[in-house]
Amino acid sequence: MTILVLGGTGKTGRRIADRLTSLGLPVRAGSRSATPPFDWQDRGTWQAALDGVTAVYVSYYPDLAFPGAYDDVKAFTELAVRNGVRKLVLLSGRGEPEAQASERTIRESGAAWTVLRCSWFMQNFSEDFLLGAVLSGVIALPAADVPEPFLDVEDIVDVAVAALTQDGHAGRLYELTGPRLLTFADVAEELSAILGRPVTFVRVTPEEYVSAAVEHGVPREAAEGLGHLFTDILDGRNASVTDGVREALGRPARDFADFARANAHVWKAPQG
Ligand SMILES: NC(=O)c1ccc[n+]([C@@H]2O[C@H](COP(=O)([O-])OP(=O)(O)OC[C@H]3O[C@@H](n4cnc5c(N)ncnc54)[C@H](OP(=O)(O)O)[C@@H]3O)[C@@H](O)[C@H]2O)c1
């Protein structure tokens, strides 16, 4: 009766695994550093991770929009269902046709499914590839003046835990966004006000972004993938808020200002 949490050390998976554990449920983290290890790039690792598992939180790495993701998710889903998995909760991305192909695979799997189709995470600024930018005071991205309804990962966690542990979420596709549209310039302004120091947004070309990221140690393929997300996905297609968090949980989504205040210590910490 174990719940397998893929990406179990990542932004969403780590929190979901902690919450399920604190509810007294048997949890197995699925990632390369877990025991047994789970690697999307090594299908030989999948069977052991699925042993005795009845429900899975599926978060793909690096991104459902990247080449190869659909084939991996399809093969994993088929294996999971053959092994007795009866519930699948998929972390997906908004406005990404490639991600929607993986969603279909989960929906047609024969297991009870819930899809969490999410907008950009607020925690990209505090725990991921935009943390360094906020610390340096300059967010330099190839992003147009297009607003995005940034979503607090804590909201995803609440919905995922509900879907994994409660009735009433099977067969539901929740489109999850934050409650407010913000451009990257707006984000910089909000962070400046909360941190009491200037954080600015500078628009750069995709080529400038990729070379700077590679110079800072990001592998070229990953940098180019991110560049693609900025230029192709942030084109206005997702510039609307939804009521998905309320639909799933009966309460509104968390606001960026609350997230920023709660995480101010991360950006104020001395660097070394
Ligand atoms: N960031 C956003 O704004 C956003 C928005 C919508 C959707 N998403 C989706 O969110 C997903 C990522 O979830 P997240 O942000 O919670 O994770 P994350 O913080 O990016 O962490 C990645 C997780 O995946 C594991 N991992 C890395 N390489 C792996 C591999 N080859 N095989 C298996 N596991 C691997 C890592 O653990 P190990 O190092 O131990 O392997 C870690 O647990 C992506 O599919 C992305 O498309 C993100």
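Hydrogens, waters and symmetry mates play no part in the numbers below; they use all other heavy atoms, side chains included. Both counts, for ligands and for their atoms, begin at 1 and track the order of listing. Residues: numbered from 1 along the sequence shown.
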Identity of the nearest option to [atom], non-hydrogen atoms only, from [options]:
atom: atom 13 (O) of ligand 1; options: Val153, Leu91, Asn238, Ile156; result: Leu91
atom: atom 35 (C) of ligand 1; options: Tyr61, Phe66, Trp46; result: Tyr61
atom: atom 3 (O) of ligand 1; options: Tyr57, Trp40, Phe121; result: Phe121
atom: atom 45 (O) of ligand 1; options: Phe38, Tyr60, Trp120; result: Tyr60

List every atom of ligand 1 that sits less than 4.0 Å from any heavy atom of [X], numbering the atoms from 1 in the order shown and giving each element.
X: Asp63; value: 45 (O), 46 (C), 47 (O)
X: Gly8; value: 43 (O)
X: Asp39; value: 30 (C), 31 (N), 32 (N), 33 (C)
X: Leu64; value: 45 (O), 47 (O)
X: Thr9; value: 36 (C), 37 (O), 38 (P), 40 (O), 42 (C), 43 (O)

Can we say [X] and [Y] salt-bridge, meaning some charged N sits less than 4.0 Å from an Asp/Glu carboxylate O?
X: Asp71; Y: Arg43; value: no
X: Arg251; Y: Asp158; value: yes
X: Arg203; Y: Asp145; value: no
X: Arg246; Y: Asp243; value: yes
X: Glu154; Y: Arg254; value: no
X: Glu96; Y: Arg117; value: no
X: Arg15; Y: Glu127; value: yes

Distance-only donor-acceptor check, side chains Gln123 and Asp128, under 3.5 Å |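 Looking only at side-chain atoms, Asp128 and Gln123 do not form any donor-acceptor pair under 3.5 Å.
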Between Tyr57 and Thr12, do the side chains contain an N or O donor and an N or O acceptor separated by less than 3.5 Å?
->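 Present: a donor and an acceptor within the cut-off.
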Determine, stepwise, if the pair Asp186 / Thr183 fulfils side chain to side chain donor-acceptor pair (under 3.5 Å).
-> CA-CA 5 Å; Asp186 295 334; Thr183 61; 3.1 Å; yes
Which residue and non-hydrogen atom of the protein lie closest to [atom], and at what distance in Å?
atom: atom 18 (P) of ligand 1; value: Lys11 NZ, 3.6 Å
atom: atom 21 (O) of ligand 1; value: Gly10 CA, 3.3 Å
atom: atom 40 (O) of ligand 1; value: Ser33 OG, 2.5 Å
atom: atom 25 (C) of ligand 1; value: Ser31 CB, 4.0 Å

Using a 4.0 Å heavy-atom cut-off, which part of [X] comes near ligand 1: side chain, backbone, both, or neither?
X: Ser119; result: backbone
X: Ala99; result: neither
X: Asn124; result: side chain
X: Leu151; result: neither
X: Thr12; result: both

Among residues two or more places apart or on two chains, list those pairs meeting ring pair (Phe, Tyr, Trp, His ring centres under 6.0 Å) that have a residue in residues 137-173.
->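 Counting only pairs at least two positions apart or across chains, the ring pair (Phe, Tyr, Trp, His ring centres under 6.0 Å) contacts touching residues 137-173 are Phe125-Phe150, Phe150-Phe184, His169-Tyr174.
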For [X] and ligand 1, answer yes if some heavy atom of the residue is under 4.0 Å from a ligand atom, otherwise no.
X: Gly30; result: no
X: Ala29; result: no
X: Pro62; result: yes

Compute the ring centroids of Phe38 and Phe76, then answer whether they are less than 6.0 Å apart.
->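 Yes, the ring centres sit under 6.0 Å apart.
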How about Trp120 and Phe230: are their ring centroids closer than 6.0 Å?
->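 Ring centres of Phe230 and Trp120 closer than 6.0 Å.
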Return a yes/no value for [X]: is any of its N or O atoms, backbone included, closer than 3.5 angstrom to an N or O of ligand 1?
X: Gly7; answer: yes
X: Cys118; answer: no
X: Arg32; answer: yes

How many angstroms lie between CG in Asn83 and OG1 in Thr54, if you round to the nearest 0.5 Å?
->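 If we round to the nearest 0.5 Å, Asn83:CG and Thr54:OG1 are 12.0 Å apart.
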